[in-house]
Amino acid sequence: MVFWAGNFIVVKGAISVLPPVGFTFLRYSIAAITLLVLLRWREGAIRLPKGDTLKIFGLGIIGFGCYQILWPVALQSIPAGDSALLIAATPVITALLAMAVGEDQPNAVKIIGAFVSFAGVALVIAAGQGLSLGVSLTGDVLTLIAAACWSVYTVFGASILRRHSPLVTTTWAIVAGTLFIAPLGIGQLLTSDLSGFGPPVVLAVIYSGTLAAGFANVIVFNGVKLLGPTRVNALQFLVPVLAVGMAAVFLDEPIRAIQIVGGAVILAGVALLRRGSWPGRGAVTRAVGSAAR
């Protein structure tokens, strides 16, 4: 979550030079190359995930490809604050979807925690960028579809993690997403003025590709394997709080009192969400406890 929050700070200047999908194509290309090298180093070979290649590629196209096209397109018609709030609905959608398909146990406390955290995010964003929902119904709907895309990737990817490592799954999902957005991304880069492309932008692309898009996604999927999609995606509620704190440190942006209140509400909601357990986790915990004793 720290890497993802830092991404907002690092790329703030980069997207004023590079087109949005073009920038995404560059950073995911770096992420794909980084993860393929890491896969070769960790597992001794670069092999397609036997038996699940098409499923992982499909999820990669949805989670990394469709999301990264829908979100910037929608952002052109709605304010940034509205977009941030709607994307923050991702953990809520994830919790509901995971319970609906049986990847997580229905739990009223989790649902309440998700909505409490979402309310906290609304406070943080409203105090900063502001909100004006309803400016463009099309933009709002496309942003919510983008949020749903990431939820689908996380929830349905959980079953694949029972057969393949988070590194294998994330690597091939990002490769598929990168190939999907390549035509549009390359097209934007070829038709844009890149005169401002310099060392700061290069460093932003490298950070965003290696840490935010590469390693962070592997870490998150490792968490999904251990704790389930609902509990891990709940931590995404912390991204706005971390981003506000980093902006204050690195960009001298002020922190408002209502944002502090919103952060406290988010933490309370996350605490409620994390009270729930994922199917099978109790047995693992008991086994570890017995071994420790």
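Position 1 is the first residue of the sequence; numbering continues from there.
The CD1 atom of I206 sits 11.0 Å away from the CG atom of L26 when rounded to the nearest 0.5 Å. Distance CD1/I112 to OG/S117: 12.0 Å, rounded to 0.5 Å. Once rounded to the nearest 0.5 Å, the distance linking CZ of F156 with CG of L59 reads 8.5 Å. Taken from CD1 in I266 to CZ in F237, the straight-line distance is 8.0 Å, to the nearest 0.5 Å. In this structure, CG in L39 is found 12.0 Å from CH2 in W41, a value given to the nearest 0.5 Å. In this structure, D140 CG and I145 CD1 are separated by 11.0 Å, a value rounded to the nearest 0.5 Å.
For residues 172-192, no pair satisfies side chain to side chain donor-acceptor pair (under 3.5 Å), with sequence neighbours left out. Sorted by first and then second residue, the salt bridge (charged side-chain N to carboxylate O under 4.0 Å, His left out) pairs with a member in residues 23-51 form an empty list; sequence neighbours excluded. Applying the side chain to side chain donor-acceptor pair (under 3.5 Å) rule to pairs touching residues 212-221 yields nothing, sequence neighbours excluded.
F180 and I56 end up in the same hydrophobic cluster when Ile, Leu, Val, Met, Phe, Trp and Tyr side chains are linked at under 4.5 Å. Linking Ile, Leu, Val, Met, Phe, Trp and Tyr whenever their side-chain heavy atoms come within less than 4.5 Å puts M1 and L267 in one cluster. At a threshold of 4.5 Å between side-chain heavy atoms, the hydrophobic network of Ile, Leu, Val, Met, Phe, Trp and Tyr places F115 and L238 in one connected group. Note: the hydrophobic cluster containing V101 also contains I160 (ILVMFWY, side chain heavy atoms under 4.5 Å, direct or indirect links). Cluster membership check: L36 shares its hydrophobic cluster with V218, using side-chain heavy-atom separations under 4.5 Å among Ile, Leu, Val, Met, Phe, Trp and Tyr.
Judged purely by atom type and a 3.5 angstrom limit, S208 has no side-chain atom pairing as donor or acceptor with the backbone of A204. Side-chain N or O atoms of T169 include none that pairs as donor or acceptor with a backbone N or O of P166 at under 3.5 Å. Using modelled atom types, one side-chain atom of W4 and one backbone atom of A212 make a donor-acceptor pair closer than 3.5 Å. No donor-acceptor pair closer than 3.5 Å links the side chain of Y28 to the backbone N or O of L179. S151 places a side-chain N or O within 3.5 Å of a backbone atom of T90 that can act as its donor or acceptor partner.
Under the ring pair (Phe, Tyr, Trp, His ring centres under 6.0 Å) criterion, W150 pairs with F64, Y153, not counting sequence neighbours. By the side chain to side chain donor-acceptor pair (under 3.5 Å) test, T170 pairs with no residue at all, sequence neighbours left out. Partners of R163 according to the salt bridge (charged side-chain N to carboxylate O under 4.0 Å, His left out) rule, which considers only residues two or more places apart in sequence or in another chain, are D52.
A pairwise comparison of heavy atoms in K225 and L161 identifies CE-O, 3.4 Å as the closest pair. I93 approaches L144 most closely through the heavy-atom pair CD1-O, 4.3 Å. Contact record, A74 with G139: CB-O, 3.4 Å, taken as the closest heavy-atom pair. Minimum heavy-atom separation, L194 to P19: CD2-CD, 4.4 Å. Residue V241 comes nearest to G263 through the heavy atom pair CG2-CA, 3.9 Å, listed as atom of the first residue, atom of the second, then distance. Taking both residues in full, the closest heavy atoms of P229 and V224 are given as N-CG1, 4.1 Å, listed atom of the first, atom of the second, then distance.
Between V201 and F23 the shortest side-chain heavy-atom distance does not fall below 4.5 Å. The shortest side-chain heavy-atom distance between N222 and L226 falls under the 4.5 Å cut-off. Counting heavy atoms from C-beta on, the side chains of L18 and V205 come closer than 4.5 Å. Between F197 and V202 there is a side-chain heavy-atom pair separated by less than 4.5 Å. Taking 4.5 Å as the limit, some side-chain heavy atom of F57 sits within range of a side-chain heavy atom of L48.
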